[in-house]
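Input: a single structure, listed below in structure tokens.
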Amino acid sequence: MEKIKRIAKTAAGIIAGLFVFCMIAKGLNYIYVPDSEWERIVMHHFYDDRGQIDNLFLGSSHLHNDIDPFMLDELNGQYNFNLATPAQLLNGTYYLLKEAEKTNDLSHVYIELYYYYHVEREDGTEPILTEPFRNWQVTDYMKFSPNKLAYMSSITDAEEYPGILFPFSRYRSELDNWDHIRATKENKKGEDYIHFRYSHVFEDGNGYEECRGKGYRYSTRILADKNRLWAQGCILTEKPVAETSEYYLRKAISYCRKKDIPVTLFVSPMYELQLISTENYDSYVSQIREIAAEYDVEFYDFNLAKEEYFPIQQTKYYMDVEHLNADGSQLFTDFFWQIASGDREENEKYFYDTYSEKLEKKEPELYGIYYREDGQSKHMRIASNREAGIEYKIVLTPTEPADKGEYLVQDFSENKEFPVDEGEHGVCTITCRIRNAPEILQTVQIEY
């Protein structure tokens, strides 16, 4: 009997100790860990909607801006939810799928596949292995379960586990930074934080955005012509999908098959400037198609949609180069459901076979500028849908340094590349025409 009492006393002590530790950890998280705004809100709504979700959408911020689940509810008569998080990596997609399947009778799973966070970088690294914060910003707001622990173990190497298990430990450098603590606490006292709301009015007066629930980010911002400048993120190789990303994509598809849940893969539309900057986008499309064909699942890349059916390549439909605004979301959601609910063979007529074919079939057009930096200058390149046959006149009007006047970079020439000194800012005016023709096709002014 004494032995049982000692064991019970020890167990009670351990439980009490764990309780005290958890309360201390919770307090430290509150004062040190800044709010991962979107992830916290979407996970709150996700858990609130448990048991209701029919169609689950998984993916990146492209998804939470581009698909309107409320509009889909009206179109298909089901409950649709965007379980989208910024830069969602494919291990996150897999474990969030499992989290949703536990408490919902899923009718269909749609996986959005924005290429940038799934491809191998030029230095050979993989986003899943080098950007753990993309995942812990999700796990921080998941309810405790074996699935959460499995997800956490997939994030990074063992030496990083303290930062994953105890979020406050990531901010140990801020231990005595009272400004950091004060700012974190003040933010968490706000009405938006308390009530899981998100809203933002842009300082330049160009629109606002808000969370409308169900993982949908409503935005009225419009991509301004002057903002058609894009930092080239990567150049795709022949087989660009990173090994770890492909592994988790296959796991997600296999999990759906095991649970007898239909799955569809897709890519949301982006403004052409970004896709042209990758320089080999068809290699990504080809690799995803091969994986989809292997599992006999549908795959639709809406960047390959024909303009006569889906005229999305207009700046009025985008909030920036990557994401659609509310008007673009309405146009896309309607067309998406037309395709997703249609016949696979019948749908082929709406799409080009390759991105290269799409660019060739469209009328000549200039979309903007993309660039790379080397520390001394920016290497700028004009993004258009022709490698030859268009001539460009380029004039730079610097605003910084102020004493550097307007100058001609080149008169009409097919050359698309030009350097700009590091630290120089201003307006780049590009005028283009068909080779040796007098008529002007376009004149654009872009801030750099």
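In what follows, every heavy atom counts, from backbone to side chain, and hydrogens, waters and symmetry copies are set aside. Quick note: residue numbers are just sequence positions, from 1.
The existence of a salt bridge linking Lys416 and Glu387 is confirmed by a sub-4.0 Å separation between a basic side-chain nitrogen and an acidic carboxylate oxygen. A salt bridge links Glu209 with Arg217: at least one charged nitrogen is closer than 4.0 Å to a carboxylate oxygen. In summary, Glu290 and Lys239 engage in a salt bridge, as defined by a charged side-chain N under 4.0 Å from a carboxylate O. Salt bridge annotation for Glu246-Arg250: present, with a cationic side-chain nitrogen under 4.0 angstrom from a carboxylate oxygen. Ion pairing of Arg344 with Glu346 is absent here, as no side-chain N (NZ or NE/NH1/NH2) approaches a carboxylate O to less than 4.0 Å. Lys378 and Glu422 are not joined by a salt bridge, as no carboxylate oxygen comes within less than 4.0 angstrom of a charged side-chain nitrogen. A salt bridge links Glu272 to Lys358: at least one charged side-chain nitrogen sits closer than 4.0 Å to a carboxylate oxygen. For the pair Arg386 and Glu360, the salt-bridge criterion is not met [side-chain N within less than 4.0 Å of a carboxylate O].
Stacking of Arg381 on the aromatic ring of Tyr370 is not recorded, the 6.0 Å distance cut-off and the 45° axial limit not both being met. For the pair Arg433 and Phe412, the cation-pi test (distance below 6.0 Å, angle within 45°) is passed. For Lys143 and Tyr47, the positive end sits near the middle of the six-membered ring, less than 6.0 Å away and at most 45° from its axis. Judged by a 6.0 Å distance limit and a 45° cone about the ring axis, Arg121 is positioned over the six-membered ring of Tyr116. Figure legend: Lys306 and Tyr352 shown as a cation-pi pair, the cationic atom lying under 6.0 angstrom from the six-membered ring centre and within 45 degrees of its axis.
Taking the six-membered ring for Trp and thresholds of 30 and 60 degrees, Phe335 and Tyr350 have ring planes more than 60 degrees apart, a perpendicular arrangement. The aromatic rings of His200 and Tyr198 lie parallel to each other, their planes meeting at an angle below 30°, with 60° marking the opposite boundary.
Glu126 contributes a side-chain N or O that, together with a main-chain N or O of Thr244, makes up a donor-acceptor pair within less than 3.5 Å. Within the 3.5 Å criterion, the main-chain N or O of Arg221 finds no donor-acceptor partner in the side chain of Asn206. Side chain of Ser169 to main chain of Pro162: a donor-acceptor pair is present (N/O by atom type, distance under 3.5 Å, no hydrogens or angles). Counting only distance, with no hydrogens or angles, the side chain of Trp136 and the backbone of Ile155 share no donor-acceptor pair below 3.5 Å. With hydrogens and angles disregarded, no donor-acceptor distance shorter than 3.5 Å links the side chain of Ser36 to the backbone of Glu39. At distances below 3.5 Å, at least one donor-acceptor pair connects side-chain atoms of Asp66 with backbone N or O atoms of Leu324. Formation of a donor-acceptor pair under 3.5 Å by the Ser283 side chain with backbone atoms of Thr237 is found in this model. A side-chain donor-acceptor contact under 3.5 Å links Gln442 to the backbone of Leu366. Remark: the backbone N or O of Met270 is paired with a side-chain donor or acceptor of Gln313 at under 3.5 angstrom. Listed for the Thr333 side chain is no donor-acceptor partner under 3.5 Å among the backbone atoms of Ile67.
Summarising the geometry, atom CG belonging to Asp282 is positioned 8.5 Å from atom OG1 belonging to Thr278; distances are rounded to the nearest 0.5 Å.
You'll find the side chain of Tyr392 stays beyond 4.5 Å of the side chain of Glu414, heavy atoms only. Using a 4.5 Å heavy-atom threshold, the side chains of Ile339 and Phe351 count as touching. Proximity of Asn187 to Pro34: side-chain heavy atoms (C-beta onward) are nowhere separated by under 4.5 Å. No side-chain heavy atom of Ile446 sits under 4.5 Å from any side-chain heavy atom of Asp225. Looking at Asp374 and His379, their side chains come closer than 4.5 Å, going by heavy atoms from C-beta outward. The side-chain heavy atoms of Leu113 and Asp301, taken from C-beta on, include no pair separated by under 4.5 Å. Looking at heavy atoms from C-beta onward, Phe133 lies in side-chain contact with Glu131 at the 4.5 angstrom threshold.
For Ile434, the side-chain contact (heavy atoms from CB on, under 4.5 Å) test picks out Pro364, Ala437, Leu441, with sequence neighbours left out. With sequence neighbours left out, Tyr171 forms a ring pair (Phe, Tyr, Trp, His ring centres under 6.0 Å) with His180. Scored by the side-chain contact (heavy atoms from CB on, under 4.5 Å) test, Ser245 finds Leu90, His118, Ile128, Val241, Ala242 as partners (sequence neighbours excluded). Residues meeting the side-chain contact (heavy atoms from CB on, under 4.5 Å) test with Thr399, sequence neighbours left out: His425. Qualifying side-chain contact (heavy atoms from CB on, under 4.5 Å) partners for Pro69, counting only residues two or more places apart in sequence or in other chains: Asn80, Asn82, Lys214, Tyr216. Contacts of Asn177 classified as side-chain hydrogen bond (donor to acceptor under 3.5 Å, both in side chains), with partners at least two apart in sequence or in another chain: Glu174.
Between the side chains of Gln88 and Glu112, no donor-acceptor pair is found at a separation under 3.5 Å. Ser219 and His323 form no side-chain donor-acceptor contact under 3.5 Å, judged by distance and modelled atom types alone. At a cut-off of 3.5 Å, with distance as the only test, no side-chain donor of Glu365 or Asn385 sits close to an acceptor on the other residue. For the residue pair Asp123 / Thr125, a side-chain donor-acceptor distance below 3.5 Å is found, with atom types taken as modelled. Between Asp68 and Ser329, the side chains place no donor N or O within less than 3.5 Å of an acceptor N or O (distance only, hydrogens not considered). No side-chain donor from either of Asn227 and Asp320 sits under 3.5 Å from a side-chain acceptor of the other.
Applying the ring pair (Phe, Tyr, Trp, His ring centres under 6.0 Å) test between His44 and each of Tyr193, Phe196, Trp38 identifies Phe196 as the sole match. In summary, of the residues considered (Val109, Leu265, Leu97), a side chain to side chain contact (heavy atoms under 4.5 Å, CB included) with Ile253 occurs for Leu265 alone.
Summarising the geometry of Trp230 relative to Gly233, their closest heavy-atom pair is NE1-N, 4.3 Å, with the distance given to 0.1 Å.
Annotation: Phe332 is in aromatic contact with Phe302 [ring centroid separation under 6.0 Å]. Ring to ring, Tyr94 and Tyr151 are not that close: their centroids are 6.0 angstrom or more apart. Taking the centre of each ring, Tyr300 and Phe336 stay at or above the 6.0 Å mark. Remark: aromatic rings of His62 and Tyr114 are close, center separation under 6.0 Å. Aromatic pair Phe299/Phe266: ring centres not closer than 6.0 Å.
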Leu304 vs Glu357, test: side-chain contact (heavy atoms from CB on, under 4.5 Å). Steps then yes/no.
CA-CA 9 Å; Leu304 274 59; Glu357 181 191 6; over 6 Å; no
Set out, in order, the CA-CA distance, both residues' side-chain angles and the distance that settles side chain to side chain donor-acceptor pair (under 3.5 Å) for Tyr448 and Glu424, then state yes or no.
CA-CA 8 Å; Tyr448 67 93; Glu424 179 180 316; 2.7 Å; yes
Arg170 and Tyr32: CA distance, side-chain angles, deciding distance, side chain to side chain donor-acceptor pair (under 3.5 Å) verdict
CA-CA 9 Å; Arg170 303 171 207 149; Tyr32 282 108; over 6 Å; no
Stepwise side-chain contact (heavy atoms from CB on, under 4.5 Å) test for Val119 and Cys234:
CA-CA 9 Å; Val119 300; Cys234 61; 4.1 Å; yes
